[in-house]
Engineer: 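The structure that follows is given in the form of structure tokens.
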Protein chains: 2
Amino acid sequence: MKAGNKTSGARLRIVLEPDIAIGPGKADILEGIRETGSIAAAGRRMGMSYKRAWLLVEGMNACFKSPLVETRRGGQARGGAVLTPDGEKVLACYRRMEVLTAQAIDGELAGLRVMMADISERT
Amino acid sequence: MKAGNKTSGARLRIVLEPDIAIGPGKADILEGIRETGSIAAAGRRMGMSYKRAWLLVEGMNACFKSPLVETRRGGQARGGAVLTPDGEKVLACYRRMEVLTAQAIDGELAGLRVMMADISERT
DNA sequence: TCGCGACATGTTCAAAAAAACATATCGAGG
DNA sequence: CCTCGATATGTTTTTTTGAACATGTCGCGA
């Protein structure tokens with residue numbers, strides 16, 4: 001697995017408008033596109049159907065003034081997708097927010113953990 | 001409405017184990033119980049069925065070493081629920097984390113907003 | 001001992017979300 | 001002009017989730 005699989009810790013969801021948001025899943029897709037050069041490959045990598053991945057991309061593109069992902073069909077590479085400058089910015093921004101959040105709540109999180117039940121004990 | 005209705009900003013979900021977490025909804029329920037003295041009233045207040053609210057409470061109780069909510073049936077008050085000391089702690093801790101998060105990502109969030117499409121333009 | 005209000009649970013039905021399946025399109029290159 | 005892999009969408013099926021409804025329990029106080 002590549003990213004977004006933290007089994008414990010904080011998850012950040014940035015709510016831009018009621019309904020529209022960017023969370024761990026969309027950030028991972030952006031990252032996947034950036035690394036693989038295609039929506040399909042990014043989706044496959046995270047065990048997600050192409051359709052679903054594409055839908056999320058469409059949603060993100062519609063949410064910003066300028067699209068975050070640019071796609072090409074056919075051609076020498078037989079299609080593909082890349083992050084636009086804004087796409088890179090949004091991804092980097094989200095990742096920074098994740099780090100900042102983790103740092104900010106680190107102490108509080110430790111306080112929570114001492115109250116948590118051990119995972120092992122299942123009835 | 002009382003709480004948990006931010007239309008914009010960050011939402012925090014603390015993932016304790018895969019599947020189980022405490023997020024805005026559960027925090028609001030804890031707060032509701034604390035203020036109303038009953039699961040039912042807390043649920044009503046946030047437009048949620050008693051069953052659903054109770055299910056969430058059960059989930060939280062099971063997730064920590066010691067229950068966060070203590071309930072009583074019958075009696076002079078005809079039943080009710082209160083936060084245990086741990087419940088108070090968890091709620092306070094979560095609210096602090098919300099504030100810390102908001103402060104930590106404030107600057108980055110501003111950067112995101114300038115790229116966002118205006119809400120008004122709907123096709 | 002009956003009623004009240006809240007806890008505790010089970011069941012059933014509807015809505016929403018995700019997965020699965022099916023095409024259609026594009027365009028360089030063989 | 002046909003192939004190839006990826007984008008772009010539509011349709012159908014399945015799964016998950018949530019809402020709705022139905023019961024049963026509890027224990028004090030009238």
Side-chain angles (χ1 to χ4, degrees), chain A residues 4-5 11 13 15 18-26 28-63 67-84 87 123, chain B residues 4-5 11 13 15 18-26 28-63 67-84 87 123:
Chain A
N5 289 311
R11 284 192 180 210
R13 160 156 303 174
V15 181
D19 264 23
I20 313 180
I22 174 173
K26 284 179 179 171
D28 287 349
I29 286 190
L30 289 183
E31 198 165 286
I33 291 172
R34 169 195 163 90
E35 292 179 9
T36 65
S38 97
I39 297 175
R44 276 196 302 268
R45 199 172 73 162
M46 51 196 296
M48 175 185 296
S49 73
Y50 167 76
K51 171 146 198 180
R52 182 158 172 59
W54 181 84
L55 243 24
L56 293 174
V57 168
E58 182 193 44
M60 284 190 280
N61 280 345
C63 191
L68 307 189
V69 175
E70 201 161 72
T71 60
R72 290 185 308 280
R73 295 204 286 191
Q76 101 288 31
R78 300 204 182 80
V82 294
L83 296 195
T84 63
T123 318
Chain B
N5 289 311
R11 284 193 177 210
R13 162 157 300 178
V15 179
D19 264 24
I20 311 179
I22 174 172
K26 285 181 180 171
D28 288 348
I29 286 189
L30 288 183
E31 197 165 289
I33 291 173
R34 169 195 162 91
E35 291 178 11
T36 65
S38 97
I39 298 175
R44 276 196 301 270
R45 198 173 74 163
M46 51 195 296
M48 176 185 296
S49 72
Y50 166 76
K51 170 146 199 178
R52 182 159 170 57
W54 182 86
L55 243 24
L56 293 174
V57 168
E58 182 194 43
M60 283 190 281
N61 279 346
C63 192
L68 306 188
V69 175
E70 201 161 72
T71 60
R72 289 184 310 281
R73 295 203 284 191
Q76 105 285 40
R78 298 199 184 81
V82 295
L83 295 194
T84 62
T123 318

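What you are looking at is a predicted structure, and each value in this text was computed from that prediction instead of being measured. Atom set for the values below is all heavy atoms of this structure, side chains included, hydrogens, waters and symmetry mates excluded. So that the names make sense, note that chain A is the first sequence line, chain B the second, and so on, each numbered from 1.
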Engineer: Give the nucleotide from the list C/dC7, D/dT7, D/dA6 with an atom nearest to the side chain of A/R44.
Structural biologist: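 Among C/dC7, D/dT7, D/dA6, the one nearest the side chain of A/R44 is D/dA6.
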Engineer: Between D/dT7 and A/K51, counting only base atoms on the nucleotide and side-chain atoms on the residue, is there a donor-acceptor pair under 3.5 Å?
Structural biologist: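 Answer is no: no donor-acceptor pair is held.
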Engineer: I want to check something: taking the side chain as every heavy atom from C-beta on, are B/V69 and B/L83 in contact at a cut-off of under 4.5 Å?
Structural biologist: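 Side-chain contact under 4.5 Å: yes.
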Engineer: Starting at atom CD1 of A/I29, determine the distance to atom P of D/dT7, rounded to an integer number of angstrom.
Structural biologist: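 Rounded to whole Å, this separation is 12 Å.
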Engineer: For B/L55 and C/dA6, what is the distance between atoms CG and P respectively, to the nearest whole Å?
Structural biologist: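 Result: 19 Å.
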Engineer: Closest to the B/Y50 side chain: C/dA19, C/dC7, D/dT7?
Structural biologist: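 That would be C/dC7.
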Engineer: Is A/V57 close to A/I33 at the side-chain level, that is, under 4.5 Å between some pair of heavy atoms?
Structural biologist: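 Yes. Closest side-chain heavy atoms under 4.5 Å.
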Engineer: What nucleotide among C/dG5, C/dC7, C/dA18 has an atom nearest to a side-chain atom of B/R78?
Structural biologist: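 Of C/dG5, C/dC7, C/dA18, C/dG5 is nearest to the side chain of B/R78.
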Engineer: Within the 4.0 Å heavy-atom criterion, would you say A/T71 contacts the bases, only the backbone, or no part of the nucleic acid?
Structural biologist: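 The residue A/T71 makes sugar-phosphate contact but no base contact.
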Engineer: Is a side-chain N or O of A/S38 found less than 3.5 angstrom from the main chain of A/A81, in a donor-acceptor match?
Structural biologist: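 Pair absent, no side-chain N/O of A/S38 close to backbone of A/A81.
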Engineer: Which nucleotide wins on minimum distance to the side chain of B/R73, given the candidates D/dT7, D/dT25, C/dT9?
Structural biologist: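 Looking only at heavy atoms from C-beta outward on B/R73, the closest nucleotide is D/dT25.
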Engineer: How long is the straight-line distance from OG1 of B/T36 back to CD of B/E31, given to the nearest 0.5 Å?
Structural biologist: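 The distance works out to 10.5 Å.
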Engineer: Calculate the interatomic distance between A/N61 atom CG and D/dT7 atom P; express it in whole Å.
Structural biologist: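 The distance from CG of A/N61 to P of D/dT7 comes to 13 Å, rounded to the nearest Å.
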Engineer: Looking at C/dC7, D/dA8, D/dA6, which one has an atom nearest to any side-chain atom of A/S38?
Structural biologist: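 My answer, after comparing the listed nucleotides, is D/dA6.
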Engineer: Base, sugar-phosphate, or nothing for B/G74, non-hydrogen atoms under 4.0 angstrom?
Structural biologist: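 B/G74: base contact, heavy atoms under 4.0 Å.
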Engineer: Taking the nucleotide of DNA chain C with the nearest heavy atom to each, does B/G37 or A/Q76 sit closer to the 5' end?
Structural biologist: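 On the 5' side of the pair lies B/G37.
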Engineer: Rounded to the nearest angstrom, tell me the gap between atom CE in B/M48 and atom C1' in D/dA19.
Structural biologist: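 After rounding, the reported distance stands at 12 Å.
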Engineer: How many angstroms lie between atom CD1 of A/I39 and atom CD of A/E58, to the nearest 0.5 angstrom?
Structural biologist: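 Those atoms lie 10.0 Å apart.
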Engineer: Angle between the end axes of the helix from C/dT1-D/dA30 to C/dG30-D/dC1, five pairs per end, to the nearest 10 degrees?
Structural biologist: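 The helix from C/dT1-D/dA30 to C/dG30-D/dC1 shows an end-to-end axis angle of 20°.
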Engineer: Using whole Å, what does the distance between atom P of nucleotide C/dC7 and atom CD1 of B/I39 come to?
Structural biologist: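 Taking atom P of C/dC7 as the reference, CD1 of B/I39 is at 5 Å.
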Engineer: Is there a side-chain contact between B/M60 and B/L30 in this structure, where contact means two heavy atoms from C-beta onward sitting under 4.5 Å apart?
Structural biologist: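 They are in contact (side-chain heavy atoms under 4.5 Å apart), so the answer is yes.
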Engineer: Could you state the atom-to-atom distance from CD of B/E70 to P of C/dA6 in whole Å?
Structural biologist: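 Rounding to the nearest Å, CD of B/E70 and P of C/dA6 are 18 Å apart.
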Engineer: Determine the contact category for A/G80: base if any of its heavy atoms lies under 4.0 Å from a base atom, sugar-phosphate if only primed atoms, P, OP1 or OP2 are that close, otherwise nothing.
Structural biologist: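 Sugar-phosphate only.
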Engineer: Take the protein atom CZ of B/R45 and the nucleotide atom C1' of C/dA6, then report the distance between them rounded to whole Å.
Structural biologist: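 So the two atoms are 17 Å apart, to the nearest Å.
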Engineer: Let me know the distance between CZ of A/R52 and P of D/dA6, rounded to the nearest Å.
Structural biologist: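 That distance rounds to 21 Å.
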